[in-house]
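Step one of this worksheet: look at the structure below.
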There are 2 protein chains.
Amino acid sequence: MDLRLLRAFVTVARLRNFGAAAEELSTSQPALTKQMQVLERKVGSVLFTRGRHGARLTPAGELLLPDALQLLERSEAFDRRAARVAAGDEGSLAIGFGMSGIEIAPRAVALFRSRWPGVSVSLDDMSSTVQCERLLAGSLQIGFVRLPVPAGLEHLRLRRDRLALAVPSALDVPRDVGQWLDGRPLVRLTPSRGPGLTAQIHGLYAELGCHPTVLQESADLQTVLALVAAGAGPAVVPQSAERIAPPELRLVPLPGRAATWWIGAAWATRTPLTERFVKAAAEVARS
Amino acid sequence: MDLRLLRAFVTVARLRNFGAAAEELSTSQPALTKQMQVLERKVGSVLFTRGRHGARLTPAGELLLPDALQLLERSEAFDRRAARVAAGDEGSLAIGFGMSGIEIAPRAVALFRSRWPGVSVSLDDMSSTVQCERLLAGSLQIGFVRLPVPAGLEHLRLRRDRLALAVPSALDVPRDVGQWLDGRPLVRLTPSRGPGLTAQIHGLYAELGCHPTVLQESADLQTVLALVAAGAGPAVVPQSAERIAPPELRLVPLPGRAATWWIGAAWATRTPLTERFVKAAAEVARS
DNA sequence: AGGTTCCATATCGTGGGGTTATGGATCTCC
DNA sequence: GGAGATCCATAACCCCACGATATGGAACCT
């Protein structure tokens, strides 16, 4: 069913006059006449009785008019919805974050939610690598990732992060951390949970010329920190883990060029929603 | 919003493949590509991410898909409704009847209602003259009228009716009714309530050469009969009034060519509904 | 009878939408 | 790694649907 015909139908029904309806529809009267003939053929009933007094609805027309009005109303509702979606007043965002985003992501989401309550935001924890894959696949719109990002993604640098050594507060760490670490049994995050972070750490080991051994590992940063607090040994973690570290831990910044990196927001496609979210993330990062 | 574009949209969304969707829609792949480009321009959002694996919905597409489906569902509902209306399985009929239809109309409506429960039938009491006007104006679909009908109406003869003299059962009416009636005070139906009937009666008076006087009149046939029963005088009424006459009355058929006429069902436009109703009326009339 | 007011019809022109053919990018498979 | 396969986009062309103008025809009104 062609909605243009229905629009013409309801207009003629309202004005009871082909000429006036044609004018309101910004078309010519013969065009309207043809449209109504086509519509009547399509619905299989005569809809109007034409006469000197204009056009009046037949019982069939009277019966179909409410349905036509309802259908048109639905159609306009669709248009309005589409406009809201296009404008970004409504929609959904899937956000990812990993070790690198633990500090910024939740606050950015909170800020964005307060500004755009019509948008439903989901926030999921996953490694930078997985985030980039999903960004490219389209199942994620924004990721908080370790920079740089692979080709095909855009990004905005948000803040620098660095590796730190998590140790019990009481423990004293000597100046030459590299030597101190060499051969020392550490707690670490399961490499598959944070491939980027693990690579970063190995890069630092190479720079510092040390080879710690692994005593224990966990798939969860929180648990890693808890193990350190329980005396299982030190762990190399992002400085930003401070936010979730138990109070009896100290995070000692590690030296070396390989110890620092940028984290940023990354996305595959710009939409009004992604731009607004990135803006919110940038504000949070500045504060 | 063009429903054809939405149909294409949901098909592509379902099959996630332009080529397959084009085939299902019986069109070519380039045509579909253009349609989706047009739709995306209209809604203002990209709806699919195109790639080697075909086409996948973007979040915006995911959001608009349910609305599109609903709109299409409504559209199909409209089509189904229109088909039912066109087939006469659903609709409405306004029926008229007067003095002439008192015997047939209610039974015809009852029979029709039992056969076509989807159709709402309204039955209104009015004179043959008014019925014909409203038939021509379109506010009535079927009338039970005194024949003949004016130009512009079709009709089907149903049964013959005749004038009768309503008198108390005890009263004896002589052979030569004409002479007996001459100058006699009668009860009559208000002429404006039944112009056709009144003309018929005057025609009969002329044929019989009598000039009764009017003692009392009423706008309601039932009341006329009650007055006769109460001894106010005889009345000339249709024979079919027997059905509503009190038992203490007798209806004596009147002689003369002008005393009989046909009653029939009349209509201005044939529709499946009118044909079915007329058929039901004819069956009732035969019984 | 002429004028007016309706809707229907005739005729013509244009553009939207479809078709076929081809391009370009990516994945698959020897 | 190159040939083939797969998918969507683009190009070029064509045609019919749809609209505009002009005219017809019926019914009312002076």
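Throughout, protein chains are lettered first and strands after them, A, B, ... in sequence-line order, and every chain is numbered starting at 1.
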Next on the checklist: Checking side-chain polar atoms at under 3.5 Å, does A:T58 have a donor or acceptor matched by the opposite partner on A:E62?
Outcome noted: no
Item to check | Side chains of A:S128 and A:R146, donor plus acceptor under 3.5 Å | outcome: no
Separation of [N] [atom2] from [X] [atom1] (nearest whole Å):
X     : N      : atom1 : atom2 : value
A:K42 : D:dC18 : NZ    : C1'   : 12 Å
B:E23 : D:dT6  : CD    : P     : 14 Å
B:L15 : D:dC8  : CG    : C1'   : 15 Å
A:F18 : D:dG24 : CZ    : P     : 21 Å
A:H53 : D:dC28 : NE2   : P     : 7 Å
B:Q35 : C:dT19 : CD    : P     : 9 Å
A:D2  : C:dG16 : CG    : P     : 16 Å
B:L25 : D:dC8  : CG    : C1'   : 16 Å

Item to check | Residue among A:T269, A:V145, A:L136 satisfying side-chain contact (heavy atoms from CB on, under 4.5 Å) with A:L153 | outcome: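 Answer to the side-chain contact (heavy atoms from CB on, under 4.5 Å) test with A:L153 among A:T269, A:V145, A:L136: A:L136.
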Item to check | Spatial distance of atom CZ (B:R4) from atom OG1 (B:T27) [nearest 0.5 Å] | outcome: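 Going from the CZ atom of B:R4 to the OG1 atom of B:T27 covers 9.0 Å.
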Item to check | Sugar-phosphate, base or nothing in reach of B:S28, heavy atoms under 4.0 Å | outcome: base
Next on the checklist: With each end axis built from five pairs of C1' atoms, what bend angle do you get for the helix from C:dA1-D:dT30 to C:dC30-D:dG1? Round to 10°.
Outcome noted: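 Result, rounded to 10 degrees: 10°.
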Checklist entry - Is the distance from OP1 or OP2 of D:dT6 to the nearest side-chain N or O of B:R52 less than 4.0 Å? => result no
Next on the checklist: On the nucleotide C:dG18, are OP1 or OP2 found under 4.0 Å from the side-chain N or O atoms that B:R4 carries?
Outcome noted: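 So the side chain of B:R4 is within the cut-off, an N or O lying under 4.0 Å from OP1 or OP2 of C:dG18.
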Just compare [options] and give me whichever is closest to any side-chain atom of [X].
X     : options               : answer
A:N17 : D:dC8, C:dC6, C:dG18  : C:dC6
A:T33 : D:dC28, C:dA8, C:dT26 : C:dA8
B:Q37 : D:dA9, C:dT19, C:dA10 : D:dA9
A:P30 : D:dC8, D:dA22, D:dC18 : D:dA22

Checklist entry - Would you call A:E40 and A:K34 a salt bridge, using N to O less than 4.0 angstrom? => result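 Judged by the 4.0 Å cut-off on N to carboxylate O distance, A:E40 and A:K34 do not form a salt bridge.
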Item to check | Salt bridge present between A:E73 and A:R80 (N-O < 4.0 angstrom) | outcome: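 Looking at A:E73 and A:R80, the cut-off is met.
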Next on the checklist: Assuming nearest nucleotide by heavy-atom distance, tell me which of B:K34 and B:A55 is located more 5' along DNA chain D.
Outcome noted: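 Closer to the 5' end of DNA chain D: B:A55.
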Checklist entry - Are B:R276 and B:W116 in a cation-pi setup, meaning NZ or CZ lies under 6.0 angstrom from the ring centre and within 45 degrees of the ring axis? => result yes
